[in-house]
Amino acid sequence: MPELPEAETITRHLRRELLNKRFARVIHCRRDVIRHGHYRELRSFLNTPITRIDRRGKRPFLEIADGRGIVFFLGMTGRLSVCDSTTAVENHTHLRLQLGDSDRELRFNDARRFGGFGFYTRRNECEPVGIDGLGPEPLDVTAPQFRDICARDRQIKALLLDQKYIAGLGNIYADESLFRAGIHPLTPASNLDAKQVSRLLRAIKRVLTEAIEYEGTTIINYLHPDGPGNFQTRLRVYGHEGENCRRCKVPIERMQVAGRSSFVCPMCQPPAA
DNA sequence: AGTAAACTCCGGAAGC
DNA sequence: TGCTTCCGGAGTTTAC
C-alpha cells in the first residue's frame with residue numbers, strides 16, 4: 001500500500017528522471033482511470049518542460065510552468081516508473097508518456113484500478129483539485145495543530161486514516177505509530193491527554209522519517225532491486241498477528257477498526273476504559 | 001454538524 | 001483444478 005514514505009520515494013525517483021524534461025507523445029492512456037479533468041488535457045502537457053515534481057500526502061504530482069499539473073492516486077496497487085520504451089509492458093499499464101529526445105517513458109500501472117490520476121490548475125496559493133481538501137503534512141504539522149486535530153470525538157485510528165485531517169498515513173503507518181505511542185486504535189481522540197497526543201505525534205514523525213530512509217515498505221523493490229532493503233523488517237505490529245510483541249512478549253492481536261484490519265499489542269496498547 | 005457504517009470500484013491472493 | 005471469499009483508498013450515500 002503506497003503511503004507517504006512510498007510516495008516520497010517515488011517522487012524523488014521521478015524528480016531524478018523527469019525534472020526539466022518534457023513529454024513528447026501519449027503512447028497509451030486508459031481514460032477511465034482519470035479522476036479529475038478530461039483526457040483532452042493530457043495533450044497540453046506535451047512539449048513543455050516539467051518544472052516541479054513533488055507530493056502531497058501520499059499523492060505524487062508533476063507540474064509544468066503555467067501551474068497545470070497531473071496528480072497520481074496510487075490506491076492499493078498503483079505504481080509509477082520511468083523505463084526504456086523497449087521494456088516489456090506489464091499488464092494493467094494505464095498510462096505511457098514518451099519523453100522527448102529520449103527512448104524513455106513514464107508508466108502508470110495499477111492492477112486493481114483503485115488508483116488513477118487527475119488534472120488540475122494551480123491558481124495563486126490555492127491548492128488545486130486532487131491536492132486540495134487535505135490536512136497538513138504529518139512531517140510538518142506542529143504540536144498545537146496536532147492537538148486541534150485530535151480534539152474530536154472520533155476513534156484515533158479512523159482520524160489518522162482520514163486524509164482531510166492529516167495527509168499521508170495509511171493502514172500500515174497508522175498502526176505502527178499507534179503501537180510506538182502505546183495507544184489503542186479505538187481510543188476516542190478527544191480522550192487522549194496532552195502527553196499521549198505529543199507522544200503520538202513524535203511516533204508518527206519517527207516512523208515516517210525512518211520509513212523514508214528505508215525507501216518505504218512494500219513497493220520499492222521494482223524501483224531499486226539492489227537498494228538498501230526496505231521498512232518491512234522494521235514493522236513491529238503490522239502483519240504480525242499471533243507473534244509475540246517485541247517489547248512485552250504478549251501475542252499481537254488483529255481486529256477491525258474503521259473497517260480496516262488493525263494490529264495491536266493488547267498489553268502495550270491498553271484499550272480505553 | 002459531526003460521526004460512523006455500508007457500499008462501490010477491482011483483481012490478486014488465500015482458502016476450500 | 002476451479003470456485004468462493006477476503007481485502008482495501010477514497011469517494012459517495014445513508015443513518016444516526
Side-chain angles (χ1 to χ4, degrees), chain A residues 1-11 30-37 55-61 70-80 89-95 108-120 127-138 147-178 184-192 204 208 211 216-219 221-222 232 235 237-242 253-264 272:
Chain A
M1 279 171 274
E3 305 179 30
L4 187 150
E6 289 77 15
E8 177 63 27
T9 303
I10 289 166
T11 298
R30 179 175 171 138
R31 300 183 189 203
D32 65 3
V33 301
I34 298 174
R35 298 272 202 100
H36 310 284
R55 65 159 180 84
R56 186 70 176 85
K58 50 176 96 162
R59 303 170 188 173
F61 63 84
I70 307 177
V71 56
F72 290 92
F73 300 71
L74 299 173
M76 294 283 300
T77 50
R79 295 179 354 195
L80 283 165
V89 180
E90 288 187 69
N91 253 351
H92 312 297
T93 298
H94 306 310
L95 180 68
F108 174 67
N109 180 290
D110 186 5
R112 294 195 190 166
R113 255 184 285 144
F114 273 27
F117 54 89
F119 306 112
Y120 62 82
E127 291 190 345
V129 170
I131 306 184
D132 66 2
L134 295 177
E137 288 289 326
R147 265 199 298 279
D148 289 343
I149 291 168
C150 290
R152 46 196 97 232
D153 182 21
R154 201 171 170 194
Q155 298 166 347
I156 183 60
K157 178 165 175 182
L159 194 62
L160 294 180
L161 292 178
D162 193 327
Q163 303 299 300
K164 72 170 175 276
Y165 296 118
I166 187 162
L169 292 170
N171 211 25
I172 295 175
Y173 298 111
D175 274 8
E176 291 299 313
S177 301
L178 287 167
H184 194 278
L186 286 174
T187 313
S190 51
N191 285 12
L192 298 171
I204 289 169
L208 293 179
T217 298
T218 47
I219 55 167
N221 303 334
Y222 77 97
Q232 195 80 45
L235 299 176
V237 284
Y238 190 87
H240 288 285
E241 180 187 15
E253 291 176 5
R254 177 180 181 146
M255 59 187 299
Q256 291 290 117
V257 180
R260 316 282 164 85
S261 325
S262 301
F263 297 87
V264 179

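A note on names: the letters A, B, ... follow the listed sequences, proteins ahead of strands, and every chain is numbered from 1.
Rounded to 10 degrees, the angle separating the terminal helix axes of the helix from dG2(B)-dC16(C) to dC16(B)-dG2(C), each built from five base pairs, is 50°.
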Pairs: protein N or O with nucleotides 13-16 of chain C N or O, under 3.5 Å:
none

Sub-3.5 Å pairs of nitrogen or oxygen atoms, protein against nucleotides 1-3 of chain B:
from	atom 1	to	atom 2	distance (Å)
dT3(B)	OP2	Tyr165(A)	OH	3.4
dT3(B)	O3'	Asp153(A)	O	3.4

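The salt bridge (charged side-chain N to carboxylate O under 4.0 Å, His left out) search around Asp153(A) returns none, not counting sequence neighbours. Taking Lys157(A) as the reference, Asn171(A), Asp175(A), Ser262(A) meet the side-chain hydrogen bond (donor to acceptor under 3.5 Å, both in side chains) condition, with sequence neighbours excluded.
Counted by atom type alone, Thr77(A) and Arg112(A) present zero donor-acceptor pairs between their side chains at under 3.5 Å.
For the pair Ala167(A) and Pro138(A), the tightest heavy-atom approach, listed with the atom from each and the gap, is O-CD, 2.9 Å. Ala258(A) and Ala158(A) make their closest contact through CB-CB, 3.9 Å (heavy atoms, listed as atom of the first residue, atom of the second, distance). Asp110(A) and His94(A) get closest at one heavy-atom pair: O-NE2, 2.8 Å.
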Notebook entry, point to check: When every nucleotide of nucleotides 4-11 of chain C is labelled 5' to 3' by its protein contacts under 4.0 Å (heavy atoms), B for base, S for sugar-phosphate only, - for none, what sequence of letters results?
Noted result: ---BBBBS
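Rounded to whole Å, atom P of dC9(B) lies 16 Å from atom NE2 of His94(A). Per the geometry, CG belonging to Asn91(A) stands 12 Å off C1' belonging to dG12(B), to the nearest Å.
To the nearest 0.5 Å, atoms CZ (Arg152(A)) and CG (Leu159(A)) are separated by 6.5 Å.
Phe117(A) and Phe72(A) have tilted rings, their planes meeting at an angle from 30° to 60° on a 0 to 90° scale. Under the 30°/60° scheme for interplanar angles, the aromatic rings of Tyr238(A) and Phe263(A) are found to stand perpendicular. Relative ring orientation between Phe73(A) and His36(A) is described as tilted, the plane-to-plane angle lying within the 30° to 60° band.
In terms of modelled atom types and a separation under 3.5 Å, the side chain of Glu3(A) and the main chain of Gly170(A) share a donor-acceptor contact.
Between Arg55(A) and Glu137(A), at least one side-chain N (NZ, or NE/NH1/NH2) sits under 4.0 Å from a carboxylate O, which counts as a salt bridge. Using a cut-off of 4.0 Å between Lys/Arg side-chain N and Asp/Glu carboxylate O, Glu8(A) and Lys58(A) are scored as not salt-bridged.
Dashed line: the shortest gap from a side-chain N or O of His92(A) to OP1 or OP2 of dC10(B) is not under 4.0 Å.
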